[in-house]
Amino acid sequence: MSNNGEIKPIELPSSVTVRELSERLQTSPIDVIKTLMSNGVMANINQEIDFDTAAIIAAELGFEAQLEAIDADSGKDKSAIPLWRQWIAKESPKNLKPRPPVIGILGHVDHGKTTLLDSIRQTDVAGGEVGGITQHIGAYQVKHNDRLISFIDTPGHAAFTAMRARGAQGADIVVLVVAADDGVMPQTREAIAHAQAAKVPMIVALNKIDRPNAAADQVKQQLAEIGLVPDEWDGDTLVVPISAKEKQGLDDLLEAILLVADNASILANPNGEVFGTIIEASQERGRGAVATLLVQNGTLKTGDVVIAGKSQGRIKAMFDFKGAPITEAPPSTPISVMGLNEIPEAGEIFKVVASTKVARSMVTQRKLDDEQSDAAEHTGMTLEQLFARVQAGEVQELRLIIKADVQGSLEPIISSLEEMKVEQIGVHILHADTGNISENDVMLAATSSAIIIGFNVGPDPAARRLADNEGVSIRTYNIIYRLTEDIDKALKGLLAPEKREVILGRANVLMVFSASKIGKAAGCRVIEGELFRNAHMRVMRGDEAVFDGEVASLKRHQEDVREVRDGFECGIGLKGFNDFEEGDMIECYKIEEVKVL
């Protein structure tokens with residue numbers, strides 16, 4: 001709120017990341033995360049939230065939010081525009097100049113992405129012979145009709161997604177490679193989804209048309225059915241027949257790229273603020289951290305100080321995509337650089353800052369913000385807190401992670417749970433899969449305040465330990481109706497406290513010996529935690545539990561003891577069990593009641 005007590009107006013997009021919201025509100029991301037949590041929303045620093053949620057946070061921090069205007073030129077919400085494009089939009093129009101288009105190539109595996117990239121590179125007469133390309137840096141430029149085109153050699157959808165998730169998607173145009181003899185495949189659909197989510201135009205490269213079984217019209221029909229209607233069918237998607245292997249149609253593809261680029265207003269200010277995207281990075285012997293950068297605005301020069309995520313440094317040397325040293329790089333130029341203190345993540349936005357002192361300060365603050373946000377994410381939510389927030393109208397879902405033994409079990413469980421809703425609160429299944437409950441499941445639950453449900457499966461030992469440490473609730477079932485009944489009770493606030501197993505300690509069986517009164521006993525060494533005389537013990541042989549029951553005796557140096565700590569040896573006898581073997585693991589545990597679902 002301003003000094004005179006007035007509420008400050010602010011425009012926000014229909015969706016915004018927590019980090020960007022904090023920048024717009026000129027406050028710490030931690031303050032935003034804490035305010036979100038107080039309103040029942042668990043979000044990490046890179047997660048997107050909708051306008052309504054952002055407006056509530058803004059109001060609590062002294063702002064009155066209004067929905068950002070639709071971009072009149074594109075008809076799209078500004079929130080669809082990557083962050084770096086929004087920065088360029090802030091430049092004075094008179095300073096903006098055309099820049100080379102940046103192209104990302106996506107498609108199904110084995111449809112010819114790599115062959116196409118190699119073929120385009122080899123046909124670049126202005127770039128010299130193939131032998132002149134001394135290194136591959138994940139991006140390169142070619143010249144066609146005296147105009148430069150930059151290509152990003154993204155290693156699959158994961159890298160593309162990472163860029164988009166950080167608001168830094170570098171591609172202006174996506175070339176979707178589809179094999180004419182194979183058609184639209186699942187990974188083709190994924191690639192289309194990634195490109196559409198990034199809000200960039202697509203060109204289809206219909207590859208392998210030289211194959212005798214190529215069926216171009218059939219593939220075009222498949223494309224039309226998923227919304228990519230070819231231009232020759234009065235649609236707005238350019239479909240270019242090519243053979244990357246035979247180098248057919250490559251000039252047509254490059255022409256199509258320039259045609260789409262001319263309609264896309266691809267501009268930047270070469271003299272403006274310097275920023276761009278990290279394409280890839282690695283540690284190289286003798287060179288340190290080497291990063292591939294794509295400059296998107298301004299002109300990067302040797303000696304500039306750069307910050308990218310949690311890495312920073314002064315640019316010691318720059319090289320073009322052929323490995324030749326250069327001293328400056330204008331917009332849309334892919335380069336490799338030396339001088340960063342550590343490897344940055346692909347997709348991070350880099351910026352030039354005033355000095356190394358400023359860069360170090362910014363990195364220190366970012367690391368602190370991320371550490372605090374990680375701690376905030378690990379704050380669990382009890383059932384009581386959940387319903388207090390429901391009654392306040394702040395939370396509307398119960399988050400679940402479902403693991404089952406087989407797909408046939410998983411599908412009816414998901415179907416039943418997705419239909420459940422009691423008053424304002426419903427079920428949100430974050431993840432569902434077959435197999436045992438793993439550490440990854442527990443980490444996902446911990447960071448998203450979710451509950452894990454296992455059907456005919458349980459957690460492995462590492463997952464069980466992590467769940468105990470993180471306070472993650474795991475419930476297991478072998479009858480579907482009991483599972484759905486419990487969830488229904490939880491939604492109604494009627495579920496009784498669950499009984500949860502807590503591991504107290506573990507011991508290795510070193511030897512087996514006879515003991516009076518109880519038969520066989522195990523000579524053990526405690527390797528973790530403590531063993532207690534009045535607790536339960538389980539004998540594990542590999543992954544199988546061969547016994548689970550009560551303790552008959554716990555001795556140390558022939559004397560009965562109540563507990564044995566980590567690192568000490570002891571003798572253990574179990575009621576009704578004599579089948580110890582050397583190498584068995586004995587787990588000591590207790591059952592406690594908890595109030596979370």
Side-chain angles (χ1 to χ4, degrees), residues 99-157 159-160 163 169-181 188 191 194-195 200-211 214 216 237-262 264 266 277 279-280 292 294-295 319-324 329 331-336:
R99 60 176 175 82
V102 178
I103 314 302
I105 296 186
L106 294 175
H108 186 73
V109 64
D110 294 333
H111 276 203
K113 298 188 300 293
T114 303
T115 305
L116 175 59
L117 285 162
D118 289 342
S119 296
I120 290 173
R121 224 176 344 213
Q122 292 169 24
T123 56
D124 174 25
V125 292
E129 296 300 320
V130 182
I133 301 174
T134 58
Q135 63 176 357
H136 171 60
I137 65 166
Y140 60 89
Q141 285 186 315
V142 302
K143 186 172 281 189
H144 183 73
N145 292 345
D146 293 324
R147 294 173 63 182
L148 286 171
I149 303 173
S150 298
F151 285 87
I152 302 175
D153 188 0
T154 53
H157 304 149
F160 198 85
M163 291 179 184
Q169 171 52 45
D172 299 305
I173 300 167
V174 162
V175 171
L176 179 69
V177 181
V178 184
D181 62 342
T188 312
H194 287 296
V200 292
M202 271 181 285
I203 297 170
V204 175
L206 191 57
N207 194 22
K208 303 184 182 182
I209 58 165
D210 56 308
R211 296 279 182 91
T237 301
L238 291 177
V239 178
V240 184
I242 67 166
S243 170
K245 184 178 179 181
E246 301 298 329
K247 299 181 176 60
Q248 297 176 15
L250 299 187
D251 284 346
D252 292 339
L253 179 60
L254 296 176
E255 287 286 351
I257 288 171
L258 293 177
L259 179 62
V260 172
D262 288 340
I266 299 173
T277 300
I279 302 300
E280 63 184 20
T292 301
L294 179 69
V295 181
F319 306 90
D320 66 15
F321 74 93
K322 291 181 285 187
S332 294
T333 304
I335 53 172
S336 60

Can you tell me how far [atom2] of [Y] sits from [atom1] of [X], rounded to the nearest 0.5 angstrom?
X      : Y      : atom1 : atom2 : result
Leu117 : Ile103 : CG    : CD1   : 11.0 Å
Ile203 : Ile257 : CD1   : CD1   : 5.0 Å
Leu206 : Leu176 : CG    : CG    : 10.0 Å
Asp181 : Ile209 : CG    : CD1   : 11.5 Å
Ile242 : Lys208 : CD1   : NZ    : 10.5 Å
Thr333 : Gln141 : OG1   : CD    : 5.0 Å

query: Is the closest side-chain donor-acceptor distance between Glu255 and Asn145 under 3.5 Å?
result: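 Glu255 vs Asn145: donor-acceptor pair found between side chains.
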- prompt: Any side-chain heavy atom of Ser119 sitting closer than 4.5 Å to one from Leu250?
  reply: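 The answer is yes; the side chains approach within 4.5 Å.
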query: Given side chains that start at C-beta, do those of Leu116 and Asn207 come closer than 4.5 Å, heavy atoms only?
result: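 Not touching, per the 4.5 Å side-chain cut-off.
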Taking all atoms of both residues into account, what is the closest heavy-atom pair of [X] and [Y], and its distance?
X      : Y      : answer
Ala261 : Ile173 : N-CD1, 3.8 Å
Ile266 : Pro100 : CG2-O, 4.1 Å
Ser332 : Pro334 : O-CD, 3.4 Å

message: Can you list everything that forms a salt bridge (charged side-chain N to carboxylate O under 4.0 Å, His left out) with Asp262? Sequence neighbours excluded, please.
response: Arg147
With Lys143, the side-chain contact (heavy atoms from CB on, under 4.5 Å) member among Leu148, Leu254, Ile149: Leu148
statement: Applying side-chain hydrogen bond (donor to acceptor under 3.5 Å, both in side chains) to Asp210 and not counting sequence neighbours gives Ser243
task: Classify the angle between the aromatic ring planes of Phe321 and Tyr140 as parallel (below 30°), tilted (30 to 60°) or perpendicular (above 60°).
output: tilted
